Amino acid sequence: MITVGVNGYGTIGKRVADAVTQQPDMELAGVAKTRPNFEAQAAVRKEYPLYAAVEERIELFEEAGIDLAGSVTDLVAESDVVVDACPSGIGADNKSMYESFDTPALYQGGEDADLVDVSFNARGNYSAAAGASHVRVVSCNTTGLSRLLAPLQERYGVEKARVTLVRRGGDPGQTSRGPINDILPNPITIPSHHGPDVNTVFPDLDIDTLGMKVPATLMHVHSVNVTLESSPTAADVRDLLREESRLFLVPESMAIDGAGKLKEFAHDAGRPRGDVWENCIWEESISMEGDDLYLFEAIHQESDVVPENIDAIRAVTETADASESIATTNETLGIGL
Ligand code: NAD
């Protein structure tokens, strides 16, 4: 059994903690929280051992009537692997704590790539994380792009990828984010940071990305153009992508016209929190013009990195190879729409 601690129990951390409890080869040591908010109370309801992330705030938990199992250092000491799902930049502050316990740590996409030994995507470079002490599970957008580009590169070769990322302004709970009535080139400078981030997984891939932000919370949408090194038909590409377990080809018959209906579909399917772990590629959009592939895909920013964190735990502990881990994670979470 791999004992996993989760430090930072917000959007990503709470999903990873739930996913850990569903794995046959993992147990959850507990989760660390900074304050006794609604998410801390949810952890208590699920009977997850709760640890104080900040010693000075232990009193706040006592005042809220929440029993703590200890402080975050106790959690790290108990864990074989820690998943750090703290806000961007805090993971870097925590690195020395993990090192002092000699506990391997996974960080999230908000941390800099140079913090870690390996930037990770299960489909892209699983084996690179074998035995690593510090691994970064790349961001939601980079995860989505890596899953799409890996099979294209392997089957056809990628001459150049160009992607415009239409990004949600914030997650549903992020009331301070925006815009609420605007369409922003964001970042305004080109290329955006997303392409270089894909290169942390695929160093040799030629990719340029542009970013925008819009008043939406549901998902990101990518407008993708990939110049291939050969000229398959659109049907060939559809067949290739359909074989990928974390790519969902949205059929025309479903009449799903955007992120809203995708989320509704996930809720109707009984997905926890309406999560969509797979890239959602509109099947009708998959088109070839000469060597150029075009498509639209939607990425659920709150959940697509969750299976990747689970696979990264197995990769760093060297307890399964990529295909075994991906299969187990897919089966236990119910991935595959
Ligand atoms: P979040 O704000 O929802 O959750 C972070 C949690 O960490 C909060 O509960 C916060 O109270 C807690 N926290 C703050 N300081 C802490 C500390 N010192 N110790 C322990 N916990 C602390 O953030 P999130 O959206 O889950 O993002 C976490 C990481 O995941 C970031 O690197 C982010 O870039 C990355 N990420 C986020 C998304 C997304 O869309 N939300 C997608 C992919 C990756």
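All ligand and atom numbering here is 1-based and tracks the order in the structure. Side chains are part of it too, since the values below use all heavy atoms of this structure and drop only hydrogens, waters and symmetry mates. Positions are given from 1, in the same order as the sequence printed here. Here the structure is a predicted model, which is why all the values come from computation and not from measurement.
In this structure, Trp282 and Leu262 have side chains that are in contact, with non-hydrogen atoms separated by less than 4.5 Å.
When the heavy atoms of Gly10, Ala40, Pro87 are ranked by distance to atom 14 (C) of ligand 1, first place goes to Pro87. The option with the heavy atom closest to atom 40 (O) of ligand 1, from among Glu302, Arg168, Arg57, Arg136, is Arg168. Among Ala52, Gly110, Ser303, Gly89, the residue whose heavy atom lies closest to atom 33 (C) of ligand 1 is Gly110.
Here the heavy atom of the protein found nearest to atom 28 (C) of ligand 1 is Cys86 O, 3.3 Å. Here the protein heavy atom with the shortest distance to atom 43 (C) of ligand 1 is Cys140 N, 3.6 Å. Closest protein heavy atom to atom 5 (C) of ligand 1: Ala85 O, 3.5 Å. Ranking the protein heavy atoms by distance from atom 16 (C) of ligand 1 puts Thr34 CG2, 3.3 Å first. When hydrogens are left out, the protein atom nearest atom 42 (C) of ligand 1 is Gln301 O, 3.1 Å; that is the closest non-hydrogen contact.
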Test side chain to side chain contact (heavy atoms under 4.5 Å, CB included) on Thr209 and Asp197 and set out the steps.
CA-CA 10 Å; Thr209 52; Asp197 205 35; over 6 Å; no
What's the verdict on side chain to side chain contact (heavy atoms under 4.5 Å, CB included) for His222 and Leu165, showing C-alpha distance, side-chain angles and the deciding distance?
CA-CA 5 Å; His222 296 168; Leu165 300 97; 3.3 Å; yes
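Ion pairing of Glu308 with Arg246 is present here, as a side-chain N (NZ or NE/NH1/NH2) and a carboxylate O approach within less than 4.0 Å. Looking at Lys160 and Asp208, a side-chain N of the basic residue comes within less than 4.0 Å of a carboxylate O on the acidic one, giving a salt bridge. In this structure, Glu39 pairs ionically with Lys14, as a charged nitrogen and a carboxylate oxygen lie closer than 4.0 Å. We find that Glu302 and Arg168 are not joined by a salt bridge, their nearest charged nitrogen and carboxylate oxygen being 4.0 Å or further apart. Salt bridge Glu278/Arg271: present, at least one basic N to carboxylate O contact under 4.0 Å.
For ligand 1, the atoms closer than 4.0 angstrom to any heavy atom of Ile90 are 17 (C), 18 (N). With ligand atoms numbered from 1 in the order given, ligand 1 contributes 7 (O), 20 (C), 21 (N) to contacts under 4.0 Å with heavy atoms of Gly8. Listed by number with element, the atoms of ligand 1 under 4.0 Å from a non-hydrogen atom of Lys33 are 9 (O). Atoms of ligand 1 lying under 4.0 Å from at least one heavy atom of Ala53, given by number and element, are 19 (N), 20 (C). Interface of Gln108 with ligand 1, defined as ligand atoms under 4.0 Å from a residue heavy atom, comprises 29 (C), 30 (O), 32 (O), 35 (C).
Distance check on atom 23 (O) of ligand 1: every protein heavy atom falls at or beyond the 4.0 Å cut-off.
With sequence neighbours excluded, no residue forms a salt bridge (charged side-chain N to carboxylate O under 4.0 Å, His left out) with Asp236.
Below 30°, between 30° and 60°, or above 60°: for Tyr48 and Tyr9 the angle between ring planes is above 60°, a perpendicular geometry.
Considering both main-chain and side-chain atoms, Asp171 comes within under 3.5 Å of ligand 1 through a nitrogen or oxygen pair. Taking distance alone, with nitrogen or oxygen atoms compared against 3.5 Å, Ile12 approaches ligand 1 more closely than that limit.
Between the side chains of Thr143 and Asn121, not a single donor N or O lies within less than 3.5 Å of an accepting N or O.
Within the structure, the closest approach of Gln174 to ligand 1 does not fall below 4.0 Å when heavy atoms are considered.
By the criterion of a heavy-atom distance under 4.0 Å, both the backbone and the side chain of Thr11 are placed next to ligand 1. Within the 4.0 Å heavy-atom criterion, neither part of Tyr107 lies near ligand 1.
Using a distance-only test at 3.5 Å, with no hydrogens or angles considered, no donor-acceptor pair links the side chain of Glu297 to the main chain of Cys280.
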